[in-house]
There are 2 protein chains.
Amino acid sequence: MASTLEEIAELSGVSRSTVSRVVNNDPRVSEATRELVLEVVRKEGYRPNLAARGLALGRSNVIAAVIPVGFENVLSDPYFPSLLQGMASAADTNDHFLMLSLGEPGFRHTVDEIARQGVVAGVIFSASKVDDPLLERLVATGTPVVSVGRPYDERVSYVDIDNRGSARQMTTQLLRLGYRRVALIAGPSFAPAAVDRSDGYADALSGFGLRVDENLIYEGDFSEASGRAGMRTLLEHRPDAVFSASDRMAAGALNEIRSAGLRIPEDIALVGFDDMPLAAEMEPPLTTVRQRPHQLGAAAATLLLDLLADPTGSPKRVILPTELIVRASCGSQLNQETLSR
Amino acid sequence: MASTLEEIAELSGVSRSTVSRVVNNDPRVSEATRELVLEVVRKEGYRPNLAARGLALGRSNVIAAVIPVGFENVLSDPYFPSLLQGMASAADTNDHFLMLSLGEPGFRHTVDEIARQGVVAGVIFSASKVDDPLLERLVATGTPVVSVGRPYDERVSYVDIDNRGSARQMTTQLLRLGYRRVALIAGPSFAPAAVDRSDGYADALSGFGLRVDENLIYEGDFSEASGRAGMRTLLEHRPDAVFSASDRMAAGALNEIRSAGLRIPEDIALVGFDDMPLAAEMEPPLTTVRQRPHQLGAAAATLLLDLLADPTGSPKRVILPTELIVRASCGSQLNQETLSR
DNA sequence: TTGTACGCGTTATCAG
DNA sequence: CTGATAACGCGTACAA
């Protein structure tokens with residue numbers, strides 16, 4: 001039950017320093033004493049005290065995940081849990097811990113305070129809106145930050161998926177199948193991911209020599225309700241296919257289409273984005289773009305740890321691949337196809 | 001930009017100790033100097049270094065949330081995010097931080113290690129299975145623990161809802177409406193909450209002088225898929241109503257009922273448990289028991305902090321109220337009724 | 001009421 | 001290769 005360096009030193013008949021070296025894999029220690037000390041360490045179940053280590057080192061091995069989960073509806077799919085799981089997993093394998101901060105306004109301890117307190121070595125920011133002031137403050141104070149999803153500020157490193165390319169490919173898929181009045185249920189314009197997906201949609205249209213028809217675009221907020229409302233509006237303009245920027249909005253759209261007595265995909269094709277678990281269960285199963293929040297979270301944590309190890313470099317970016325998942329809702333059973341980048 | 005006690009002392013012309021006392025609201029300091037020091041503290045934006053404080057005090061102000069999220073399906077509703085949000089919120093208002101530990105097997109740093117390292121003052125355990133070895137280890141090492149949901153071990157404090165009473169009330173509701181062949185899609189028997197709900201179901205039946213018919217009980221695992229499979233099995237025995245121990249299983253059951261060409265509630269009534277957001281959106285809207293994960297999380301964190309402040313007392317319990325939410329799926333539009341306890 | 005001095009457990013520096 | 005010893009920033013008996 002010995003739990004300090006001092007005690008281990010006593011038990012193995014060496015000095016504190018030597019034990020410290022052994023614990024930290026310092027090469028400057030003879031193989032013999034290393035073995036000896038390690039034995040005692042194992043036997044006593046010794047673990048270094050992280051507070052003390054953090055104090056001595058001037059840095060901690062705790063990273064914070066900041067998620068401003070203001071909207072209830074953001075919680076309705078396993079995206080954030082998976083993201084967190086990925087971050088926790090990556091942090092763990094790198095001997096770091098994950099601290100959680102739900103950026104609810106009204107929280108007393110804002111993240112920048114936390115960062116300054118030395119508890120946290122770096123921060124992973126997620127679901128930030130465009131031009132988030134909190135993110136700005138963090139950058140200003142020099143706290144290492146990684147954003148999940150492209151941030152407004154060019155200086156911050158981030159991990160993301162290729163939203164624009166994926167949306168383009170999905171829309172192109174619809175166009176290839178012959179649909180010509182492809183509507184878009186977009187995400188909220190304050191979300192970079194939503195903007196990128198809308199851009200990808202436009203890219204695809206112009207790639208086919210088609211012009212963007214504002215009547216065929218509705219801006220939702222990623223919620224199922226907004227998807228349904230959007231679909232109601234769009235139906236007036238007779239689209240033959242709909243690309244929803246999220247599966248949850250697609251679910252709402254699906255309900256509306258059904259209520260209107262239309263069939264999917266015979267009367268109107270429907271595709272989504274995210275491949276949340278529900279997508280495969282829908283009637284008909286939803287064609288969509290698969291992203292892997294778990295990997296995204298893991299990549300974010302890893303990137304942050306890289307930054308911590310080498311604070312000098314310029315902002316880094318990691319773009320994770322997505323997959324086009326073709327199911328019945330788009331009126332085709334083409335083979336599954338992988339978006340490379 | 002001054003950030004140590006020493007610097008603040010210098011700037012305000014007093015000693016370190018005095019500044020420390022001011023920061024910690026020690027009464028033994030004159031109002032005059034207090035004002036003076038506070039002014040400097042504010043101006044410099046000073047925040048105490050938590051690592052140092054934790055080291056000196058021998059305890060930290062970080063609590064850990066442990067969630068063994070092995071099953072993908074556990075993530076499919078906002079229960080855990082809400083729970084986490086509640087915990088984070090309560091921790092924050094009490095000047096504590098929340099550390100996340102997904103008890104994935106295969107994690108290198110298990111919670112008991114973390115606790116021993118002094119990083120964490122206490123642990124909130126959630127979704128533990130009956131007789132969880134990790135929980136046992138924590139208790140054995142004397143780490144303050146609070147469980148979300150009744151744990152197997154009698155010695156650990158916990159917060160919970162009245163699963164048994166709520167299930168009894170819900171089942172009784174069905175019996176009052178005249179249903180006599182009330183089936184149960186139970187949760188997994190390793191989950192205390194599931195066991196309690198099954199017991200409540202049985203309570204209600206015996207309250208009406210009915211006997212439990214094993215043919216009308218199916219044990220699922222809280223997943224939608226298991227709900228569907230369970231319903232398929234149960235339909236062979238012609239129930240006139242079904243109580244599902246979770247909304248997600250109810251969703252699966254609903255699909256199966258529909259596939260069988262039966263109407264809800266005309267041919268068969270269906271009720272759930274949880275009141276997840278989707279419940280109100282189902283067709284027909286689902287009668288269910290509402291629990292508030294956010295409050296549960298907040299209560300758990302608060303209880304843990306109480307324990308930390310007063311480690312002596314015997315195990316404490318907090319039972320949160322639930323509400324019976326009556327919607328169309330049970331074939332009645334009675335007024336909403338609150339389960340007191 | 002205020003200041004001095006020591007300890008918390010670790011790492012790093014510098015002798016040996 | 002190993003061992004003293006000084007930080008790291010803070011809280012707190014103890015003394016003034």
Side-chain angles (χ1 to χ4, degrees), chain A residues 1-38 40-41 44-62 95-97 113-121, chain B residues 1-38 40-41 44-62 95 113-121:
Chain A
M1 293 301 179
S3 41
T4 83
L5 224 42
E6 189 76 64
E7 294 173 300
I8 300 295
E10 183 99 14
L11 263 53
S12 32
V14 297
S15 76
R16 242 192 358 250
S17 324
T18 302
V19 180
S20 176
R21 292 193 185 98
V22 171
V23 170
N24 294 295
N25 288 317
D26 189 314
R28 304 174 304 178
V29 51
S30 75
E31 204 50 39
T33 47
R34 177 184 303 281
E35 288 302 331
L36 171 66
V37 173
L38 274 180
V40 179
V41 164
E44 296 292 317
Y46 165 81
R47 303 286 158 184
N49 179 311
L50 291 179
R53 175 178 283 180
L55 183 57
L57 250 39
R59 61 189 169 74
S60 82
N61 55 352
V62 177
D95 292 314
H96 279 247
F97 299 105
E113 285 182 8
I114 297 174
R116 254 188 312 185
Q117 289 180 347
V119 243
V120 156
Chain B
M1 294 299 179
S3 40
T4 83
L5 223 43
E6 188 77 39
E7 293 173 302
I8 300 295
E10 183 100 14
L11 264 53
S12 33
V14 297
S15 77
R16 255 204 334 266
S17 332
T18 303
V19 179
S20 174
R21 292 191 185 99
V22 171
V23 170
N24 295 297
N25 289 317
D26 190 313
R28 305 174 305 176
V29 52
S30 75
E31 204 50 42
T33 46
R34 178 184 302 281
E35 288 301 331
L36 172 65
V37 173
L38 274 181
V40 179
V41 164
E44 296 291 318
Y46 167 80
R47 302 286 158 184
N49 179 310
L50 292 180
R53 175 178 285 178
L55 185 57
L57 250 39
R59 59 185 171 78
S60 82
N61 57 349
V62 177
D95 291 316
E113 286 181 7
I114 297 175
R116 252 188 312 185
Q117 290 180 347
V119 243
V120 156

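Naming convention: chains lettered A, B, ... in sequence-line order (proteins, then strands); numbering from 1 in each chain.
A straight line from CZ of Arg16(B) to P of dA7(D) spans 13 Å, rounded to a whole angstrom. If you measure from atom CG of Asp26(B) to atom P of dG11(D), you get 11 Å, rounded to the nearest angstrom. Rounded to a whole Å, the CD atom of Glu6(A) is 9 Å from the P atom of dT10(C). The separation between Asn25(B) atom CG and dG11(D) atom P is 12 Å, rounded to whole Å. In this entry the distance linking CZ of Arg53(A) with P of dG9(D) reads 18 Å, nearest Å. In this entry the distance linking CG of Leu50(A) with C1' of dC8(D) reads 15 Å, nearest Å.
Put simply, the side chain of Thr18(B) never gets that close to the backbone of Val14(B): no donor and acceptor are under 3.5 Å apart.
The phosphate of dA4(D) has neither OP1 nor OP2 within less than 4.0 Å of any side-chain N or O from Ser15(A). Proximity of Thr4(B) to the phosphate of dG9(D): no side-chain N or O atom is located under 4.0 Å from OP1 or OP2. Proximity of Thr33(B) to the phosphate of dT2(C): a side-chain N or O atom is located under 4.0 Å from OP1 or OP2. Listed pair Asn49(A) / dC8(C) fails the phosphate criterion, with no side-chain N or O lying under 4.0 Å from OP1 or OP2. OP1 or OP2 of dT10(C) lies within a sub-4.0 Å distance of a side-chain N or O belonging to Tyr46(A). At the phosphate of dC1(D), neither OP1 nor OP2 sits under 4.0 Å from any side-chain N or O atom of Arg28(A). Distances shorter than 4.0 Å separate none of the side-chain N or O atoms of Ser17(B) from OP1 or OP2 on dG3(C).
Residue whose closest nucleotide on DNA chain C sits further toward the 5' end, between Leu5(A) and Val29(B): Val29(B).
Residue-level contact check: Val14(B) touches the backbone only, with heavy atoms under 4.0 Å from sugar-phosphate atoms and none from bases. At the heavy-atom level, Ser30(A) lies under 4.0 Å from the strands shown only through sugar-phosphate atoms.
From Arg34(A), atom CZ reaches atom CG of Asp26(A) across 7.5 Å, with rounding to the nearest 0.5 Å. Distance check: Arg21(A) CZ to Ser15(A) OG gives 6.5 Å after rounding to the nearest 0.5 Å. The structure places OH of Tyr46(B) at 7.0 Å from OG1 of Thr4(B), a figure rounded to the nearest 0.5 Å.
The Leu55(B) side chain lies nearest to dC8(C) when the options are dC8(D), dC8(C), dT11(C). Side chain of Ala56(B), nearest nucleotide from dG3(C), dC10(D), dT10(C): dC10(D). Closest contact between the side chain of Leu57(A) and the listed nucleotides dA12(C), dC10(D), dC8(C) involves dA12(C).
For the residue pair Thr33(B) and Ser30(B), a side-chain donor N or O sits within less than 3.5 Å of a side-chain acceptor on the partner.
Between the side chain of Arg21(B) and the base of dG3(C), at least one donor-acceptor pair of N or O atoms lies under 3.5 Å.
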